[in-house]
Amino acid sequence: PPRSTLDRSSAASDVYKRQCRNNLNYQWRSSDREFKMKLPARRTLIIGYLCAIGAAMGYGGSQVVAKQVITETEPLIGSAFTLLFGLIILGALTARDVKQQKPAPKIAYIRAILAGLASAGGVTFLYLALSHAPVVNIAPVTAINPLFSIALAQIFLRNIERLTPRILAGALLAIAGVIVISISTAA
């Protein structure tokens, strides 16, 4: 039997994943509370895809705005202000939830810091890239970031995330698309 809350949450997470794969509803019980997910797994998957499309639209639009920003200021200054305003907006959106948040393990904070550093590096490199090349050349190259996510997931999340032949084929098609766009815009 699980010995700690972390073990129980990991076990519950494994049950949830199995039920999602079987397209069943999720129900988890612990000694202090009961949580039920009413949405079928397929519906939550659709919501996830819609959010991903929203993220793609946001990132795509931000690259065009970033190109305009760097024509008027230095790339690092533009990057710093972008991250600052993102922090302010996210802080305002999550302030209430932060107050109610239960303490997380220290490793969660360390991972959040590392994710923030990686994200800040990505934004900074994007601004630097846009200062040297047109957005139509840079956007397709930055669009291959899921390939890095897939590779890193296979290294660090092998027990949680599965790499299927369909995902691998999609990744290879994305690489081919970037090559075609890069070649056609260079000519």
Side-chain angles (χ1 to χ4, degrees), residues 45-99 101 104-187:
L45 186 64
I46 290 170
I47 291 170
Y49 278 119
L50 291 174
C51 290
I53 290 169
M57 290 169 49
Y59 283 125
S62 72
Q63 291 181 11
V64 173
V65 174
K67 183 66 175 183
Q68 293 172 336
V69 168
I70 61 164
T71 60
E72 300 168 6
T73 186
E74 291 295 316
L76 294 178
I77 294 171
S79 174
F81 275 100
T82 298
L83 294 169
L84 174 66
F85 288 123
L87 175 67
I88 291 169
I89 291 168
L90 281 175
L93 291 173
T94 61
R96 187 182 68 193
D97 294 332
V98 169
K99 292 177 186 174
Q101 178 71 28
K106 287 182 182 179
I107 190 71
Y109 292 113
I110 292 169
R111 289 178 179 149
I113 290 168
L114 291 173
L117 290 172
S119 182
V123 170
T124 302
F125 280 119
L126 172 66
Y127 275 71
L128 289 170
L130 290 171
S131 70
H132 295 288
V135 82
V136 295
N137 293 66
I138 298 303
V141 175
T142 60
I144 64 170
N145 72 62
L147 300 178
F148 293 103
S149 297
I150 291 169
L152 292 172
Q154 286 306 295
I155 295 169
F156 296 108
L157 304 175
R158 182 169 289 170
N159 297 333
I160 299 171
E161 302 281 336
R162 284 185 346 169
L163 179 63
T164 64
R166 183 181 274 174
I167 292 172
L168 186 59
L172 294 174
L173 284 173
I175 292 171
V178 168
I179 292 169
V180 168
I181 290 173
S182 297
I183 291 171
S184 66
T185 55

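We count residues from 1, following the sequence as given. For the numbers below, each heavy atom of this structure counts, side chains included, while hydrogens, waters and symmetry mates do not.
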Next on the checklist: If the condition is side chain to side chain contact (heavy atoms under 4.5 Å, CB included), which residues does V65 pass it with, not counting sequence neighbours?
Outcome noted: V69
Checklist outcome for this item: When rounded to the nearest 0.5 Å, the distance separating CD1 of I89 from OG1 of T94 is 11.5 Å
Checklist outcome for this item: Correct closest heavy-atom pair for A171 and I150 would be CB-CD1, 4.1 Å
Checklist entry - How many angstroms lie between CG in L172 and CG in L147, if you round to the nearest 0.5 Å? => result 8.0 Å
Below 3.5 Å, can you tabulate the donor-acceptor pairs from side chains in residues 45-59 to any protein atom, sequence neighbours excluded?
none

Please tabulate, one pair per line, all N/O donor-acceptor pairs under 3.5 Å involving side-chain atoms of residues 116-133, not counting sequence neighbours.
from, atom 1, to, atom 2, distance (Å)
T124, OG1, S79, OG, 3.0
T124, OG1, A120, O, 2.8
Y127, OH, T82, OG1, 2.4
S131, OG, L128, O, 2.6

Checklist outcome for this item: Rounding to 0.5 Å, atoms CD (Q63) and OG1 (T142) come to a distance of 3.5 Å
Item to check | side chain to side chain contact (heavy atoms under 4.5 Å, CB included) against Q154, all qualifying residues, sequence neighbours excluded | outcome: R158, L163
Checklist outcome for this item: Output for pair (L114 CG, I107 CD1), nearest 0.5 Å, gives 8.0 Å
Item to check | Which residues share a side chain to side chain contact (heavy atoms under 4.5 Å, CB included) with F85, sequence neighbours left out | outcome: F81, I88
Item to check | Results of side chain to side chain contact (heavy atoms under 4.5 Å, CB included) for A112 - residues two or more places apart only | outcome: none
Checklist outcome for this item: For I70 and P75 the tightest heavy-atom approach is CG2-CA, 3.9 Å
